[in-house]
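Letters go in sequence order (proteins before strands), and every chain restarts at 1.
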Number of protein chains: 2
Amino acid sequence: MIQNYIENANFEDTGFAYTLSLISGKHKMVILYCLMEFETVRFNELKRYLKTISDKTLSTNLKKLEADKLIIRTEYPQIPPKVEYTLSERGKTLMTVLDQLCAWGEENRLTE
Amino acid sequence: MIQNYIENANFEDTGFAYTLSLISGKHKMVILYCLMEFETVRFNELKRYLKTISDKTLSTNLKKLEADKLIIRTEYPQIPPKVEYTLSERGKTLMTVLDQLCAWGEENRLTE
DNA sequence: CCGTATCCGCAACGATACTG
DNA sequence: CAGTATCGTTGCGGATACGG
C-alpha cells in the first residue's frame, strides 16, 4: 500500500499526503470536530467554539474545507444573513478514520 | 471519544492533536515511510530519498522524531562517522494507523 | 560523513476596521 | 450576521558555509 510510493519517491501523490493536505493547518480539525458534535453550526457559533480564531482565518479554512467537499455550506438569503455549515457524507467517513488517530494518541501519549 | 473534548474546548489536549503534532511538517511522514521500507537508514541515504530536503531541515526533523520516541538513532563512534536510524516499536504501531489514513486518501481522492 | 550556524523568503495566522 | 480588506507578525523550511 504505502510501499508502492517509495520506489518513485513521489510522496506528494500518496493517499496519505493527500489526506493530510485536507486537514493541515491549525484549525481545520477543530472545525470538523465541532461539526461532528453539533452537526449544524453557524459562522459566529464556530468562532466562539474556536475561541481565538480570527474572522479571516476561519473564513479561509471554511472555504478550503468546502472546496474539498468535506463540509456543506448552506446560505439563507435573509437579513440578517444566516449561513449554516455541516459535515458532508465524505467528511463523515474521514472522521471515522481520524477517530482512530485520536485513539492512538490517547493510548500512546508519552508519560513525561 | 472525541466528543469529550468539545465541552472544555481544549483541543490541544486531544489525542488527535497530539498524534498530528508528532507527524506535522513537510517531511516527517516521508522519513517514517522510508524507515518502514528500508528499516535501517543512514543520514545521507535519507537525504537522497527525500531529494530536496536540506541538511538543517532533515536534522531538525530527525531530532523531533527521536525526541518523540518514534525513531531510534544509533551512533557508531568511528571516523568517518556513521549514524543509523530505525523505527521504534512505538513508531511501528503509529505506522499501522497512518496506513489507514493513506487508504482513505486513495479511495476518496476527488476526481477532478 | 554527519551534522551545526547563519541568514533569508514565504505562507499561514492574527488584529483591526469596515460592509451588505 | 457573515463575512472582506488591510496590515503586521511569526515560524517553518531552504540555501549556503563551515566544523568535528
Side-chain angles (χ1 to χ4, degrees), chain A residues 9-12 17-18 20-35 38-68 70-86, chain B residues 9 11-12 17-35 38-68 70-86:
Chain A
N10 201 355
F11 293 96
E12 308 307 316
Y18 172 71
L20 269 197
S21 75
L22 299 185
I23 57 174
S24 66
K26 190 173 173 182
H27 303 290
K28 289 216 197 83
M29 283 307 313
V30 191
I31 295 172
L32 291 175
Y33 279 151
C34 283
L35 294 184
F38 303 108
E39 300 195 354
T40 300
V41 187
R42 300 179 63 172
F43 188 89
N44 276 342
E45 211 176 336
L46 264 175
K47 214 182 138 181
R48 280 190 293 274
Y49 289 136
L50 304 194
K51 301 202 167 176
T52 61
I53 198 170
S54 69
D55 286 343
K56 174 190 154 192
T57 305
L58 179 54
S59 178
T60 306
N61 277 283
L62 287 172
K63 280 181 179 169
K64 281 184 194 155
L65 289 171
E66 191 195 0
D68 289 331
L70 293 176
I71 68 175
I72 297 171
R73 179 183 185 276
T74 310
E75 184 172 354
Y76 298 88
Q78 61 185 44
I79 305 292
K82 175 178 174 182
V83 178
E84 290 181 343
Y85 294 92
T86 62
Chain B
F11 294 96
E12 309 307 316
Y18 171 71
T19 306
L20 271 197
S21 76
L22 299 184
I23 58 174
S24 66
K26 191 172 170 181
H27 304 289
K28 290 214 195 85
M29 283 307 315
V30 190
I31 295 171
L32 291 176
Y33 279 151
C34 283
L35 293 185
F38 304 110
E39 298 194 358
T40 300
V41 187
R42 299 179 63 171
F43 187 89
N44 275 343
E45 211 176 333
L46 264 176
K47 216 182 137 181
R48 280 190 292 275
Y49 290 137
L50 304 194
K51 303 201 166 176
T52 61
I53 198 170
S54 69
D55 285 346
K56 173 194 154 192
T57 304
L58 178 55
S59 177
T60 307
N61 277 284
L62 286 171
K63 279 183 179 168
K64 283 184 194 157
L65 289 170
E66 191 194 3
D68 291 330
L70 294 176
I71 68 175
I72 296 172
R73 178 182 187 277
T74 310
E75 185 171 353
Y76 298 88
Q78 59 185 46
I79 304 291
K82 174 179 174 182
V83 177
E84 289 180 343
Y85 295 92
T86 62

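Comparing the start and finish of the helix from C:dC1-D:dG20 to C:dG20-D:dC1, five pairs each, the helix axis swings through 50°, to the nearest 10 degrees.
Put simply, chain A comes within 4.0 Å of DNA chain D, heavy atom to any atom, from D:dC1 to D:dC7, going 5' to 3'. Contacts between chain B and DNA chain C, taken as any atom within less than 4.0 angstrom of a protein heavy atom, begin and end at C:dC1 to C:dC7.
Between B:Phe43 and B:Tyr85, the ring-plane angle classifies as tilted under the 30° and 60° cut-offs.
Every residue was checked against the side chain to side chain donor-acceptor pair (under 3.5 Å) condition with B:Lys28, not counting sequence neighbours, and none meets it. Qualifying salt bridge (Lys or Arg N to Asp or Glu O under 4.0 Å) partners for A:Lys47, counting only residues two or more places apart in sequence or in other chains: A:Asp55. Under the side chain to side chain contact (heavy atoms under 4.5 Å, CB included) criterion, A:Thr74 pairs with A:Ile72, A:Tyr76, sequence neighbours left out. Among residues two or more places apart in sequence or in another chain, the salt bridge (Lys or Arg N to Asp or Glu O under 4.0 Å) test is passed with A:Glu84 by A:Lys82. Remark: A:Thr60 pairs with no residue by the side chain to side chain donor-acceptor pair (under 3.5 Å) rule, at least two apart or across chains. Remark: B:Ser24 engages no residue in a side chain to side chain donor-acceptor pair (under 3.5 Å) (not counting sequence neighbours). Scored by the side chain to side chain contact (heavy atoms under 4.5 Å, CB included) test, B:Glu66 finds B:Ile71, B:Arg73 as partners (sequence neighbours excluded). Under the rule for a salt bridge (Lys or Arg N to Asp or Glu O under 4.0 Å), A:Lys56 has no partner lying at least two apart in sequence or in another chain.
The CG atom of A:Leu58 lies 13.0 Å from the OH atom of A:Tyr49; values are rounded to the nearest 0.5 Å. For the atom pair NZ of B:Lys51 and CD1 of B:Ile53, the computed distance is 13.5 Å after rounding to the nearest 0.5 Å.
Remark on DNA chain D: of its neighbouring residues B:Thr52 and A:Glu84, the 5'-side contact belongs to A:Glu84, judged by nearest-heavy-atom nucleotide. Along DNA chain C, the nucleotide nearest A:Thr57 and the nucleotide nearest B:Glu45 are compared for position; the residue whose nucleotide lies closer to the 5' end is B:Glu45.
Using a 4.0 Å heavy-atom cutoff across all strands shown, B:Tyr76 reaches no nucleic acid atom at all. At the heavy-atom level, A:Lys56 lies under 4.0 Å from base atoms of the strands shown. Residue-level contact check: A:Lys63 touches the backbone only, with heavy atoms under 4.0 Å from sugar-phosphate atoms and none from bases.
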